[in-house]
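Below: one structure, written as C-alpha cells.
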There are 2 protein chains.
Amino acid sequence: MDEPATANGAARPDTGSRAARPTLAAVARAAGVAPSTASLAFSGAGPVSEEARTRVLAAAAELGYGGPDPRARSLRRGRSGVIGVVMDERLSDAFRDPVNVLTLDGIAEVAGEAGTSLLLVRSPLDDAGLVGPLVDAPVDAVVLIGCNVRIDPAVAVLRRRNIPVVAIEADEIEGAVPVQLDNREASRRAAAFLRDLGHTAVAVVTLPLDGTHQRGPVSAEREAAGIAHTSLERLRGVRGVYPSAPAWEAAGSSVEEGRIVGAALFAADAPRPTAVVVQSDVLAVGVISAAFDAGLRVPEDVSVVGFDGIPVDDSLFHRTPIRQLTTLVQPFVQKGQAAARAAIAMLEGAPAQPAAFRSELRIGDTTAPPPAR
Amino acid sequence: MDEPATANGAARPDTGSRAARPTLAAVARAAGVAPSTASLAFSGAGPVSEEARTRVLAAAAELGYGGPDPRARSLRRGRSGVIGVVMDERLSDAFRDPVNVLTLDGIAEVAGEAGTSLLLVRSPLDDAGLVGPLVDAPVDAVVLIGCNVRIDPAVAVLRRRNIPVVAIEADEIEGAVPVQLDNREASRRAAAFLRDLGHTAVAVVTLPLDGTHQRGPVSAEREAAGIAHTSLERLRGVRGVYPSAPAWEAAGSSVEEGRIVGAALFAADAPRPTAVVVQSDVLAVGVISAAFDAGLRVPEDVSVVGFDGIPVDDSLFHRTPIRQLTTLVQPFVQKGQAAARAAIAMLEGAPAQPAAFRSELRIGDTTAPPPAR
DNA sequence: TTGTAAGCGTTATCAG
DNA sequence: CTGATAACGCTTACAA
C-alpha cells in the first residue's frame, strides 16, 4: 500500500511519465472545426455533415485520439454507465456459490443489453460502518445481492448520493427497491410436504445467519440475533410447520460445509431426524453425502430437501443412486434480470419497480416417507 | 448516522424525483469556508483545523451531502480507481470455471488492498471488431483474462487511450504486459511422465481453440486456425513428446463437457488411448467419469492427467475410488495477484512488470503404467 | 492553516 | 448544419 507517487508535484495531475493524451479539443482544432462539432462527430448524436465527420475522424487518427474520455463524459452527463453490484463475501467465496453466479448472470444480461457494465464491490461494511469503495466508485445505481450483513448504512449513504439502490432478498429497507423471493412461504410448503409424508422429526440446516461464519446448532439467542434475511425467512417458514425443529447453522454455502454440518447433525446425541430441510442445494448435496457416510440411505432413512434448484445436480450426484434433489426451485436469473431492470429504470427517472418471485417445490428422489420404526 | 434533528429548517423539501444533490461548493458556503477547505475536510489529505472540519461535516449532514462525486473527482484526478477485467465468455460461463474464479480472486485481493474496484467486462469483440463497453467504461487499467479470442483490436484501442493493459496467458501482444504460465513446457513434462510410465497411445482433450465453441476431433486445419494461446501451447507441449497424439476439442471447460468428449473419445473407432492428457481439471473429471461409464478403470485401464490443480477434487470424486487427480498445478491466485499488481504499477507510472509462473506436476492416483496387453 | 483561481475533457445550449 | 460558451463538481498549486 504505497502512496501513489505523484511526487513530482506538477501542476497537472498526471504529468508523469505517460504521454498526455490528445483531447477532443485538440482534435477539433486539428480538423479545423469547433469542439462541439467534433463531439457530435464522435457521439453520433446530432447533425454533422459527412465532410466534417471524416475530417474529424482523420484528425483523430492522425493524433492517435482514442475517443472521448469516459471520465469527462460521465461528469458532464451525470452518468457513468456503470452499475455497482455489492456482495458481502470475498469474491472467491461469492463466485463459488452458484446462486450468486446465476443471479449475477441475470444482472449482466440485462445490463449488457442496456450498455452498462458491472462494477463488483465487496460489501464494505466494516464494524466501523465504513462504506469505502462503494461510495468512491462511479456508479449510477447499485444492486445489493446476497446480503448477510446489515446494509442500512450503505443504503443511507447511497440514498444521500441519489444513487438508486436495488436490494435482492433483503429485509425491508428504507429507500431500496426490493426484489423479493417467497422464502418463508416456500419453505413452509416444503415443510408441509414433509409433514404430509409423515415426518415428525425434522431438522433444518441454515445458511449463515450473519456475516460471522459461525457453525453449529442454532440457539434461541443466535436466532434472535440473526441478520441474514433470507436464512431467517426460510427458517421461519419451516418453523411454521415444525415450530420446534432444531436448526444447525452452516458457515457458508458449499458442499464441503454441508458435509461437515451434516456429519455433526447425524452424529449428534439428539434423536436423529428423519428429514432435513437444507437452505441451499449446495449444502444439501453435502448433507446427503454426510448421510451416506453415516451409513444412512437417502431417502429411505432420511429425507433431504434443498433450496434453489441449481442445475448441476447431475455432476454432483453422478456416482450416487440419486438422480434429482427435492428442492425449491427459484428463478435466480430472472431475479437478477429484474434487479438490473429496476436499477436501470430508476436511473432513467422511472418510478421504482419492485419485483417478487415464487419458488416451486420440485419433488425429486431425496424425499420419501419416514422409515417405519 | 441519523439525520440531525435540527427542528427548524432541517427537513429538505423532497422535490420529487429530481432533488438536485448539493455540491461541495454548497456545503462550503453553508459552513462558511472555502471550497478547497471543504475538499480537504473530506479527502483528509491536507491540513484542516478541527473546527473547520466539524463545521464542514455538520453542514454536509445538514444539507444531506453524501461526499464528493466520484465522477468529478476522477476527471480532476485523471483516475477513476477502477480496473477493468475482461473475459471472453458470458459471465455465467466464466464464473462456472474455477480457473477464472480463482484468478479473479487474486486480482480482487490486490485491487481491494489498493482501494480500486473491478469492472467486469465481457470481451466485446464482435466480428466487426467493436470494442463497445470496454472503451466507454471509466477504467484506469485493464486485465485480460482467459482470452480465447483475438484481442489485438481491443489492446490497440486501449493503447491509444493510454490505458495500461495486462494480458494473462495471451499470445505476445504489442503493448500488453504479459503474465505468463509455462503451458507448453508443463504439458511437455506431463507427457514425458506418461512416456516414462510406458504409454504410447496418448490422446489429448483440449480446451476451446477459439471462441466458436466447437467440439470434436481436432483436424490439422483446425489446429492451424486456432487462436487460443493457452490451449495451443498446452497441445504443443504434448506434441513435443507425442508428435502425432490425436486431439479432441471440448466446447468449454466443464465436467459435463469433459464427460461428453470423453464418451466420444472412448467410443471412437480409433484404437483406445491408454492415457489422456486433458487441458483442465474440470474437463478431466468429466473424462474420468466417461471412462467409468465406458467400463474402464482409472488408472488401471486408462490414465488421465489434468491441468490446473483446482482444489475441489474432493467433492467431485467423492464417491469414486479416486482420491487425487494427477495434474499440473498452477498458481492461479498468484497469477491474478501479479496481474493486478502489474496493472496498478503501470497506472502509477512505474515501468511494466511482466510476470511468469510455473506449473508443478502433482502425481495423484489417476495415472499408472498402461495395461499389459 | 485558509482562500483564490484555474482548470480536468466533455457535452448541452443556443445563437449564427 | 456549425461555432462560441458555459457549465458538470471537484482538486490543488500558490498566494494570503
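Below, read A as the first sequence line, B as the second, and so on, with proteins coming before strands; counting in each chain starts at 1. The basis for the numbers below is simple: all heavy atoms, side chains too, and nothing from hydrogens, waters or symmetry mates.
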Quickly work out the B:R29 CZ to C:dT2 P distance and round it to whole Å. 19 Å

Please state how far atom CG in A:N162 lies from atom C1' in D:dC8, giving the value in whole angstrom units. 15 Å

Straight-line distance of B:M87 CE to B:L120 CG, nearest 0.5 Å: 6.0 Å

For DNA chain C, what residues of residues 46-55 of chain A have any heavy atom nearer than 4.0 Å? none

Candidate pair A:L144 and A:V166, rule side-chain contact (heavy atoms from CB on, under 4.5 Å), full reasoning: CA-CA 6 Å; A:L144 268 28; A:V166 177; over 6 Å; no

CZ on B:R77 to CZ on A:R71, rounded to 0.5 Å: 12.0 Å

Please list, by residue number, the residues of residues 62-72 of chain A whose heavy atoms come closer than 4.0 Å to an atom of DNA chain D; answer none if no residue qualifies. none

Measuring to OP1 and OP2 of D:dC10, would you say a side-chain N or O of B:R79 lies under 4.0 angstrom away? no

Taken to the nearest whole Å, CG/A:L75 to P/D:dT11 is 11 Å

Is there a donor-acceptor pair under 3.5 Å between the side chain of A:T37 and the backbone N or O of A:V33? no

Can you name the side chain to side chain contact (heavy atoms under 4.5 Å, CB included) partners of A:S36, sequence neighbours left out? A:A34

For A:E109, the side-chain hydrogen bond (donor to acceptor under 3.5 Å, both in side chains) test, sequence neighbours excluded, returns A:Q337

When rounded to whole Å, the CZ to C1' distance for the pair B:F42 and D:dT12 reads 17 Å

side-chain hydrogen bond (donor to acceptor under 3.5 Å, both in side chains) partners of residues 78-88 of chain A, not counting sequence neighbours, each pair once: A:S80-A:D140

Residues that A:S39 engages under side chain to side chain contact (heavy atoms under 4.5 Å, CB included), provided they are two or more places apart: A:L24

A:R55: side-chain hydrogen bond (donor to acceptor under 3.5 Å, both in side chains) partners, not counting sequence neighbours: A:E51

Every stem of 3 or more Watson-Crick or G-U pairs under 3.5 Å that DNA chain C joins, in order of first number, is C:1-16 with D:1-16

What is the distance, rounded to the nearest whole Å, between atom CZ of A:R21 and atom C1' of C:dC8? 12 Å

For B:D105, all residues meeting side-chain hydrogen bond (donor to acceptor under 3.5 Å, both in side chains), sequence neighbours excluded: A:R90, A:S92

Distances under 3.5 Å only, N/O to N/O: pair up the protein atoms with those of nucleotides 12-15 of chain C.
residue : atom : partner : partner atom : Å
C:dA12  : O4'  : A:R76   : NH2          : 3.1

Using the side chain to side chain donor-acceptor pair (under 3.5 Å) definition, which of the options A:K335, A:Q180, A:H229 pairs with A:E169? A:K335

If the cut-off is 4.0 Å, is B:R73 near the phosphate of D:dC10, judged by side-chain N/O to OP1 or OP2? no

side-chain hydrogen bond (donor to acceptor under 3.5 Å, both in side chains) partners of A:R73, counting only residues at least two apart: none

Suppose we screen for side chain to side chain contact (heavy atoms under 4.5 Å, CB included). Which residues come up paired with A:L158, at least two apart in sequence or across chains? A:L134, A:V142, A:I163, A:V165

